[in-house]
2 protein chains.
Amino acid sequence: MPQPPQLAETAALFADRTRAAFCLALLDGRAWTAGELARHAGVRPSTASEQLSRLIEGGLLTEERQGRHRYVRLAGPEAAGLIEALASYATHASNTQPPQNLRESVRLSAEARARTCYDHLAGRLGVALSDAMIARGLVAAEDGLAVTPDGRTWLADTLGFTRPPGTRRPLVRSCLDWTERRPHLAGALGAALCATALERQWVRRVGSGRAVKVTPEGTEAFQELLGATV
Amino acid sequence: MPQPPQLAETAALFADRTRAAFCLALLDGRAWTAGELARHAGVRPSTASEQLSRLIEGGLLTEERQGRHRYVRLAGPEAAGLIEALASYATHASNTQPPQNLRESVRLSAEARARTCYDHLAGRLGVALSDAMIARGLVAAEDGLAVTPDGRTWLADTLGFTRPPGTRRPLVRSCLDWTERRPHLAGALGAALCATALERQWVRRVGSGRAVKVTPEGTEAFQELLGATV
DNA sequence: GCAACAGTTCGGCGCTCCCCGAACCATGCC
DNA sequence: GGCATGGTTCGGGGAGCGCCGAACTGTTGC
């Protein structure tokens, strides 16, 4: 037996409906309270509390206590990437069934339009922005993803973003979108773009989930800065 | 509940010591018989048979029956990538403990030197070859991985490899090495390099696991073609 | 101080799951 | 045909796990 224990233990963290629901919810990159997650997953607070403790002990989540609230969030980009990989493979393997009720259907279609995925933008919006950056020559996509020199100046001039030295996080990473089945931009670039978009009100969060909505200012900005029609 | 069932079910496939051991063993990309896997994981044949059926039904493995043997192998690169991601995160999260006995220790050190990882080379050999290709300018590593024009001609001239058109597999992909903790080259390029190395006897498989050994011809070839000292 | 609220701990119920041994089928060899 | 071998099916035992309700701790607000 080589090192299977670790693999099995890690996988076991996700091998439960409730914990999986927590992880998918937390993919929006924000901090949730224990109660919110319990309601979201449809379990009692006591159950949620126990399962959260397990995820934290497994190193997947970090907690932050404020008063009588327990906020949890994903521990880091690696954890988010792993969940993303699992979810992507899972939906890839077994075709997902259509939603059962109207409320769910509305939520899903809003998320399909535009949403956050951990710390970057996804959905049709995310894919459109990625395509636009590639079309503008800011990112080169042949044989892998790479930021071009043009892209680096664009990042500095437009978003005020320069790569922090000494970090190990890749500047750009491909993240497979599970609604569009197409890759979009993640990594430090994706995170910077998403942060700027939220900060300058190009997009606004709607509801309690991952869905976001493009504002009129956002439509204009994306058109002007990237030539992207969203 | 969005689509957590799929995620949980997929993760559950790995959330067992025996099945995890099977998956790690099959990462060498070869086909194993049910009995070999049973002995490898230290379980009875009946147990192995049941667990294998489960992995196959989950779409992770494919089977091929020959006479009284049941050969199984990983279903494809996506499956291998997922296992790789899980294993990489698992060993990253919890520091692995040193081996218990000599036999195990010998095997591990051989695998640390050079081994296959699904269909490409890994271990110190894999990292050294990746570094050499980057140093020679065949692959560009700043801000993502990409094959350079020089690299494309090198692939065609040296390995006789040109990218098959219409395939969706990325030409080059980064795969995190779990012994070296450093990325090395995977994707179609990694597969072609590994296949050529095995075919031209630059490396030879040793034992029944993933470990390989560099032959004298291999040492010479790697030096000459890539300037890599292994 | 008291009530409302968020969260935790604990005992227990029920279910699943992993594993094995025994019996059974199929193939290959003598 | 007889026998060894690889693999499968089936029944059962034992352990673990997920969930809940009830009781409890700690915080916030009146």
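Reminder, nothing fancy here: chain letters follow the sequence lines and each chain counts from 1. Computed from heavy atoms alone, side chains included, the values below leave out hydrogens, waters and symmetry copies.
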| request: Just grab all the salt bridge (charged side-chain N to carboxylate O under 4.0 Å, His left out) pairs involving residues 46-67 of chain A, residues at least two apart or on different chains. | output: A/Glu63-A/Arg65, A/Glu63-A/Arg70

| Pair listing, side-chain hydrogen bond (donor to acceptor under 3.5 Å, both in side chains) test, anchored in residues 185-201 of chain A, at least two apart | A/Gln201-A/Arg204

| request: Determine whether A/Leu82 and A/Thr10 make a side-chain contact, defined as any pair of heavy atoms from C-beta on separated by less than 4.5 Å. | output: yes

| note | With B for base contact, S for sugar-phosphate-only contact and - for none (protein heavy atoms under 4.0 Å), nucleotides 7-12 of chain D reads SBBB--

| task | Take atom CZ of A/Phe22 and atom C1' of D/dC19, then tell me their distance rounded to the nearest Å. | result | 12 Å

| Do you know which two heavy atoms are closest between A/Ala12 and A/Arg19, and how far apart they sit? | O-NH2, 2.9 Å

| query | Is there side-chain contact between B/Leu52 and B/Leu61, with heavy atoms separated by less than 4.5 Å? | reply | yes

| When you list every nucleotide of DNA chain C with an atom under 4.0 Å from a heavy atom of chain A, which one comes first 5' to 3', and which comes last? | C/dA4 to C/dC10

| query | ring-ring contact (aromatic ring centres under 6.0 Å, His included): which pairs involve residues 186-206 of chain A, sequence neighbours left out? | reply | A/Trp202-A/Phe222

Dump the pairs, protein N or O against N or O of nucleotides 15-17 of chain D, anything under 3.5 Å, distances to one decimal.
none

| task | Could you check whether the rings of B/His120 and B/His184 sit parallel, tilted or perpendicular, using 30° and 60° as the cut-offs? | result | tilted

| query | Is there a side-chain contact between A/Leu198 and A/Arg205 (heavy atoms, below 4.5 Å)? | reply | yes

